[in-house]
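These notes are about the structure you will find just below.
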Protein chains: 2
Amino acid sequence: MVIKAGDLVTKQYFIVKGCLRTYMPDDERDREYIVQFAVEEWWASDYIAYYTNSPATLDVECLEDCILLSIQKKDLESLYLQVDGLESFFLRKLENAFVAFQKRILSNLKETAEQRYEEFIRQYPTIEQRVKNFQIASYLGITPESLSRIRKARQ
Amino acid sequence: MVIKAGDLVTKQYFIVKGCLRTYMPDDERDREYIVQFAVEEWWASDYIAYYTNSPATLDVECLEDCILLSIQKKDLESLYLQVDGLESFFLRKLENAFVAFQKRILSNLKETAEQRYEEFIRQYPTIEQRVKNFQIASYLGITPESLSRIRKARQ
DNA sequence: CCAAAAAGTTGATCTATGGTAAGATATAGC
DNA sequence: GCTATATCTTACCATAGATCAACTTTTTGG
């Protein structure tokens, strides 16, 4: 477990090796809502907590043995001043994440669970191999039972 | 109409006065999916098109008489080099938008339509006054009929 | 290898929300 | 102010996906 809900989040993590998930635990309903998966070359954190300096509401958890690099927000900010183009690099990274989130919001508005599942395996074929179906269901916002039925209907 | 699907998007817009909506038109199903509303002091554009230099997939439309300021992406980028702290300012703006989108994804995963409506009027009380109910329904991902039923049940 | 636990599947039923159509209000243009 | 149009509401029925419970398959740890 890299980040646990309630933690103060001062770091973000670069994934050298492995696969992680970021999710909101909901103890009351005994459920979890997966915000994203992350694999090699991606960055992960609870970015709400990281950007707003508030306690984490999300857990970040390794789904496999992982090698991670971490950087303190403070250190990154002072690096921005020293390394030319670094801030632009992170701006670009954030733009990409923003675009991905907006697409996901649209896909939730427009598409059925089946279409979103098709889109998921089209867009993240390697991730689909590496994570459990019930985790994909959680990412898509449906139950494992529903995903199972969708998968059956597809064959 | 500020941006129309298919346009090349090279500008973003600052709202001095008025209210806009950004939405994906779906002619086939004769529907629209509202990505966001924007009011005074906010910025608007089709940011997917703007960041990825691809043709717009979204419409941006004024819902009232508006006063807008626009800036070319190119000009903004050269201003980044001239005005100290400007890039950080836009990075911060993007962080906030990112956080808002992530919260919306989580709320779609966790909450019922009624809870999302409550959250919407709590978070955007002024916007609720300024836009039509069927547009709020579109933003929430439900039909106007469902929203009407939710509103009735609340009283 | 084998037992236990975890994950996935299936069936029966339930519920939130959608679709359609009609009627009721509100808004805008003359 | 009055008509036309847009918006909102209501009723009835349909459907996607949820829930619950049982069962099967896969994975894991000893």
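Proteins come first, then strands; the chains are lettered A, B, ... in the order of their sequence lines, and each starts at number 1. Both backbone and side-chain heavy atoms feed into the values below; hydrogens, waters and symmetry mates do not.
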Separation of atom [atom1] in [X] from atom [atom2] in [N], rounded to whole Å:
{"X": "I136(A)", "N": "dG17(D)", "atom1": "CD1", "atom2": "C1'", "answer": "18 Å"}
{"X": "E64(B)", "N": "dA28(C)", "atom1": "CD", "atom2": "C1'", "answer": "16 Å"}
{"X": "Y117(A)", "N": "dG17(D)", "atom1": "OH", "atom2": "P", "answer": "14 Å"}

**Message:** Applying side-chain contact (heavy atoms from CB on, under 4.5 Å), can you list everything that pairs with L69(B), at least two apart in sequence or on another chain?
**Reply:** F14(B), V16(B)

**Message:** Less than 6.0 angstrom from the centroid, inside 45 degrees of the normal: does K11(A) satisfy that with respect to the ring of Y50(A)?
**Reply:** no

**Item:** Electrostatic pair K17(A):E64(A) at N-O distance under 4.0 angstrom
**Value:** no

**Prompt:** Say you draw a straight line from CD1 of I48(B) to CG of L58(B); how long is it, rounded to the nearest 0.5 Å?
**Reply:** 6.0 Å

**Asked** Nearest 0.5 Å, what's the CG-CZ distance between L94(A) and F98(B)?
**Response** 6.5 Å

**Contact state string [nucleotides 6-20 of chain C, B base, S sugar-phosphate only, - no protein heavy atom under 4.0 Å]** = -SSBBBB----SBBB

